[in-house]
Structures are given as C-alpha cells and as structure tokens.
There are 2 protein chains.
Amino acid sequence: MMNMTNAELNDQDLDQIRRICEEAGIKLTHQRLEIFKELMTARDHPSAEDIHRHLQKRMPTVAIDTVYRTLATFDELGIARRLHLANNRNLFDTNLAPHHHFICDACRKVEDVYWPDFDSTALPEEISAIGQVRSRHLELHGLCTACLEQSGE
Amino acid sequence: MMNMTNAELNDQDLDQIRRICEEAGIKLTHQRLEIFKELMTARDHPSAEDIHRHLQKRMPTVAIDTVYRTLATFDELGIARRLHLANNRNLFDTNLAPHHHFICDACRKVEDVYWPDFDSTALPEEISAIGQVRSRHLELHGLCTACLEQSGE
DNA sequence: TTCTTGGATAAGAATAATTCTTAATAACAT
DNA sequence: ATGTTATTAAGAATTATTCTTATCCAAGAA
Ligand SMILES: [Mn+2]
Ligand SMILES: [Mn+2]
Ligand SMILES: [Zn+2]
Ligand SMILES: [Zn+2]
C-alpha cells in the first residue's frame, strides 16, 4: 500500500492525466505525459533534477526548465505536491494524503510519516495572538535505520 | 520578556563574547565583535544579508562573506543558531531555548512559538522502523495578525 | 490538405543565496 | 617591535531555480 512496485503506468493513470489536462484547458504534450509517468512511478521524493536525469534516457533533448515548469503545473493542478523541506532543494511528492516527513541527517533520505493524532491536537492558545494557522509543517530529523547500522560498526 | 528593547550591548555581553573567543582559541576581531552586537540587538530572525546591510552603515567595507562565515562560527560555538526554514533563506536566531516557529505566508514574518506539550508527546510507534528521531522541526504556517487585518479590508 | 495561431518547449542567460579562492591584513604572543 | 598565523575583502564560482526569446508543434479553420 505504501510501497507499490515500479510498474508501468496503467490505463487508469493515462486517462487521469488526459482528463486533468483537458479540464484545465492545457495541452497534453509528450513532455507532460513522460514527466507524469516518471513522477508516478517514483516511490521516493524526487527532485526536479532526479526526474530530468531519468527522463533524459528516453528524451535526450528535454530541458530541465521544462521539468521545473511541468512539476509546478502539476502542483497547481493538484496532481503532485511541491515539498519545501528545510535545508534542502525542493522535492516533489505524489502522496497527496496528509502526512509529514522523516529526514535522515546523514543520507538525506525522506520518508513519509503519518501522525493523525498530532494533526488534530489543539494548538497552544498563545498562537491566536500571533496569527491564524492554516497548516502544520513537521519534519522529524535523525538517522535512518540504514545509517544507524552503518554508524554502529 | 519576549521583546526586549533594542538597547546597546552591556559589558556582560562584551565579556561573554571575549571569553567565548578565548575559550575557542579564535581571535576576537573587530568584525566578529560588531556582528555579535548586531545579532544580539536584533529581536527578530535576521538573515545574513539583514545583518550585513545594517552593519555596512558602521563598517562600509565589511564583506557579506565575512558575515556568513562569522554567523556560521557563532552557530558552531553555540552563540546563535542557524535556522533552516522551509522555502526560505537561512535565518539566524539568538533564542537558544527550545521553540518552534510561526511563519506568515504573506509577509514572511517569523515568530517564536513555545509548545512544550508537543515537544514531550510520544512519537507514533511506526517511526522506530524508519529510524531514530533526534529533533523535531515544526513550522506553523498561516497569516499573521497584521496580514489578516489587511486582507479583511 | 494546407494554413493559422497560440500554447509549449529548448537553449541558454539571468538571478539569488551561499561558498570558495587568494592575496593582503591585522590580532596576539613573543 | 616583530613574526606567525588566523582572518578578512574582493570577487569568482557554485547551486538551484526562473526568465527570455526564438522556434516548434498540435489542433482547429479554411
Ligand atoms: Mn511524502
Ligand atoms: Mn526563534
Ligand atoms: Zn540515512
Ligand atoms: Zn504577515
């Protein structure tokens, strides 16, 4: 459920992107389709450069700017989400469910963290004097299990 | 308590930086002293450029690189803390007490938030399979009171 | 089918934040 | 005072991202 295999996109997904572009009134270009595929088959949190690097194997002339532009479009259309993580380049996330992230300070790996109890906890009262909170951005930092093992030797 | 006035540094502070440099075995240069003053009298979360801009009035030849370098040194020495906020340039914080931040998505103002109850809440169990958490980084995003008023008109 | 047109792209320039290189300077011990 | 060595100023370099512009291309019109 959280870790689907890197399978090919199915027809459902193709229909989805086709419909979304039509509804948004934008063209479903070869680039948009391929970037969509690349994004949907990535199971981690890829950067624009990650996507560009992979895509270049199939589309040698695709420009990094096109990847940035298209990912921004996908973010606006609600297909994916741009993640602004502290001290990091921007990453992209296809997991649209509410969640937070664990970030390994050694290898920089980013893992999804679900913590609904926290999401629904009441904020401290003093916040109301500061402003109105619209979203909570939580990052848990530490060492991932792989890095822990490595450092234990 | 949270908003001390922009008073001059007192002798106590000067002694502090002098002692810290001595203990760390680094020279107390004119630049380091002035950047320390600038940092300690700022009540917000200044960027390296903020500090540089202010400082240039008194030290016209100070290089931005010196400000970055010195702030990094202060971070290492534990005098100040470099903040890595999502989607922001790096800011610096002299508030060494454990706390989090409210960030206004309109004007980018950064305010301190204390939430000890959250700091001591147990993490979800599933985290242990991902890695070992060493710190929690929480940002509350929304609109500050000033921006709320402005948008209400 | 050919033409028209506007949105989309590729390429490279531009920008912004930060760090690096290097030669000159200045703090501090002697 | 002098010498040693850390530190600085200046500007180049780097990194991530966005902008500019000429060209391309897909879809509809003729
Ligand atoms: Mn995620
Ligand atoms: Mn703070
Ligand atoms: Zn790791
Ligand atoms: Zn505001």
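Given the structure is predicted, the values throughout are model-derived calculations rather than measurements. Each chain gets a letter, A, B and so on, in the order its sequence line appears, and its residues count up from 1.
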Parallel, tilted or perpendicular, judged at 30° and 60°: which one describes the rings of [X] and [Y]?
X: A:Tyr114; Y: A:His99; answer: tilted
X: B:Trp115; Y: A:Phe118; answer: tilted
X: B:His101; Y: B:His45; answer: perpendicular

Interatomic distance where [atom1] belongs to [X] and [atom2] belongs to [N] [whole Å]:
X: B:Gln31; N: D:dA10; atom1: CD; atom2: C1'; result: 14 Å
X: B:Leu28; N: D:dA6; atom1: CG; atom2: P; result: 17 Å
X: B:Lys27; N: C:dA29; atom1: NZ; atom2: C1'; result: 10 Å
X: B:Leu71; N: C:dT19; atom1: CG; atom2: C1'; result: 14 Å
X: B:Met59; N: C:dT25; atom1: CE; atom2: C1'; result: 13 Å
X: B:Leu33; N: C:dA26; atom1: CG; atom2: C1'; result: 15 Å
X: A:Leu77; N: C:dA8; atom1: CG; atom2: P; result: 11 Å
X: A:Arg18; N: D:dA26; atom1: CZ; atom2: C1'; result: 14 Å

Exercise. So is A:Arg81 actually on top of A:Phe92's ring, under 6.0 Å and inside 45° of the axis?
Worked result: no

For this session: Going 5' to 3' through nucleotides 13-20 of chain D, assign each nucleotide B (protein heavy atom under 4.0 Å from a base atom), S (under 4.0 Å only from sugar-phosphate atoms) or - (no protein heavy atom that close).
Result: ---SSBB-

Exercise. For A:Glu22, does the CD atom have more than 12 heavy-atom neighbours from other residues, nucleotides or ligands under 6.0 Å away?
Worked result: no

Problem set entry | Short side-chain N/O contact to C:dT9 OP1/OP2 from A:Thr66, under 4.0 Å | no

Problem set entry | Upstream residue (5' side of DNA chain C) when B:Glu22 and A:Thr29 are each assigned their closest nucleotide | A:Thr29

Exercise. Would you call A:Ile17 and A:Ile79 a side-chain contact if the rule is heavy atoms closer than 4.5 Å?
Worked result: yes

